[in-house]
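Before any comments, here is the structure.
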Amino acid sequence: MNKDLLTISDFNREEILDLFEMSVDLKEKHQKGIEHLPLKGKTLGMIFNKHSTRTRISFEVGMFELGGHALFMTGDQLQLKRGETLRDSAQVLSRYLNGILIRTYDHDEVIALAEHATIPVINGLTDLNHPVQILSDIFTIKEKLGGIEGVKVAYVGDGNNVAYSWMMGASLMGMHLVIACPKSCQPNPSPKLSGNGNVEIIEDPFEAVKNADIIYTDVWISMGKEEDTENKKKLLLPYQINQKLVDAAKKDSMVMHCLPAHRELEITSEVLDGKHSIVFDQAENRLHVQKAILETLL
Ligand code: CP
Ligand code: NVA
């Protein structure tokens with residue numbers, strides 16, 4: 001097992017399946033109120049250079065429930081902001097903490113942090129990818145459908161950090177992922193894929209959702225990518241998840257969104273609040289899967 005979780009490929013297929021088994025157990029313990037404190041006396045430092053609701057709170061609650069402590073920091077308040085190197089910061093933090101969760105812009109910073117830290121570093125989203133989200137989402141699909149092999153996921157919208165991690169996750173776990181987005185919004189760069197899944201990128205959203213088990217979307221404008229917002233909104237309008245698109249998928253398809261959602265942009269309220277939507281179960285599972293990640297790495 002790798003020390004860090006920076007991209008999905010830091011875990012192999014078997015390690016991910018083990019993580020899911022552990023998540024089932026942790027979810028049951030959480031629901032039954034069974035105390036489970038394997039991280040007693042351990043501290044996770046959480047550095048956030050971007051906003052967050054789910055990631056911050058689920059990791060903080062996760063550490064608490066596992067008997068440990070979470071320390072929230074913004075990059076702005078650290079000496080990093082005043083020029084202390086990442087290398088020195090990583091070494092110092094490694095003397096105090098048992099793990100670091102970081103959400104930031106540049107993925108290379110996270111790689112450098114992990115290289116110089118002697119403790120596990122977990123990527124809580126960068127401009128490039130969002131591995132903890134997609135691991136948790138694949139767990140949710142397994143929980144709902146009983147399996148993941150061959151499941152068809154239609155990712156419709158912007159080819160962003162979430163789409164990038166979806167490509168890696170679907171490929172590794174043997175799923176069929178079809179990304180539908182305008183040419184100029186396709187994932188760039190594209191990840192190196194391993195595993196026996198099937199990943200396609202097309203332009204037609206209706207073609208993508210044909211026979212899809214899962215319809216997935218994310219915001220059209222990601223954090224830090226606010227340039228050209230109005231143009232992008234126009235370009236992506238045909239990619240909105242609305243009832244017409246959901247009706248073109250499998251009859252019992254499920255709709256997912258990593259949240260936060262911008263209602264009536266990438267997804268309509270009718271769909272988000274409708275019977276196909278599993279978005280809040282999806283959000284809940286972040287807690288259980290991330291607890292499994294914490295228990296495994298820390
Ligand atoms: N999905 C997700 O990571 O949400 P936050 O930005 O609220 O953490
Ligand atoms: N693609 C989005 C995901 C938010 C959880 C962003 O980076 O803002």
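Ligands are counted one by one from 1 in listed order, and the atoms in each one are counted from 1 as well. This is a predicted model, so every value here is computed, not measured.
- Between Ser171 and Val199 there is a side-chain heavy-atom pair separated by less than 4.5 Å.
- The shortest N or O to N or O distance between His130 and ligand 2 is not below 3.5 Å.
- The contact set between ligand 1 and Gln133, taken as ligand atoms under 4.0 Å from a residue heavy atom, comprises 1 (N), 2 (C), 3 (O).
- Counting protein heavy atoms only, atom 8 (O) of ligand 2 is closest to Met223 N, 2.8 Å.
- In Leu259, the part holding a heavy atom less than 4.0 Å from any atom of ligand 2 is the backbone.
- A side-chain donor-acceptor contact under 3.5 Å links Asp88 and Thr85.
- With hydrogens and angles left out, the side-chain atoms of Gln282 and His257 include no donor and acceptor closer than 3.5 Å.
- Heavy-atom contacts of Val219 reach the following atoms of ligand 2: 1 (N), 2 (C) (cutoff under 4.0 Å).
- Backbone and side-chain nitrogen or oxygen atoms of Lys50 are examined, and none is located within less than 3.5 angstrom of a nitrogen or oxygen of ligand 2.
- Numbered from 1 in the order shown, with element, the atoms of ligand 2 that lie under 4.0 Å from a heavy atom of Asn160 read 1 (N).
- Side-chain contact check for Glu270 and Asn242: no donor-acceptor pair (N or O, by modelled atom type) lies under 3.5 Å.
- Counting non-hydrogen atoms of neighbouring residues, nucleotides and ligands closer than 6.0 angstrom, the NZ atom of Lys3 exceeds 12 such neighbours.
- Considering both main-chain and side-chain atoms, Leu259 comes within under 3.5 Å of ligand 1 through a nitrogen or oxygen pair.
- Protein heavy atom in closest approach to atom 7 (O) of ligand 1: Thr53 N, 2.7 Å.
- Applying side-chain hydrogen bond (donor to acceptor under 3.5 Å, both in side chains) to Asn160 and the options Asp218, Asp127, Asn188 leaves one that passes, Asp218.
- Here the heavy atom of the protein found nearest to atom 4 (O) of ligand 1 is Arg54 NE, 2.8 Å.
- The proximity of Leu125 to ligand 1, defined as any non-hydrogen pair under 4.0 Å, does not occur for either the backbone or the side chain.
- Scanning all protein heavy atoms for the shortest distance to atom 7 (O) of ligand 2 gives Asn161 ND2, 2.9 Å.
- In Thr55, neither the side chain nor the backbone holds a heavy atom less than 4.0 Å from any atom of ligand 2.
- With rounding to the nearest 0.5 angstrom, the OG1 atom of Thr43 is 12.0 Å from the CD1 atom of Ile100.
- Polar contact with ligand 2: present for Asp218 (N/O pair, distance under 3.5 Å).
- Side chain of Lys291 to backbone of Arg286: no donor-acceptor contact under 3.5 angstrom is found.
- With atom 6 (O) of ligand 1 as the reference point, the heavy atom nearest to it among Arg103, Met223, Arg286 is part of Arg103.
- Using cut-offs of 30° and 60° for the angle between ring planes, the Tyr216 and Tyr155 rings count as parallel.
- When non-hydrogen atoms are compared, ligand 2 lies under 4.0 Å from the side chain of Leu125 (C-beta onward) but not from its backbone.
- Ligand 1 places these atoms under 4.0 Å from at least one heavy atom of Cys258: 1 (N).
- Asn123 and Asn129 share a donor-acceptor pair across their side chains, judged by distance under 3.5 Å alone.
- Contact annotation: His130 has at least one heavy atom less than 4.0 Å from an atom of ligand 1.
- Taking all atoms of both residues into account, the shortest heavy-atom contact from Met168 to Lys192 is CE-O, 4.0 Å.
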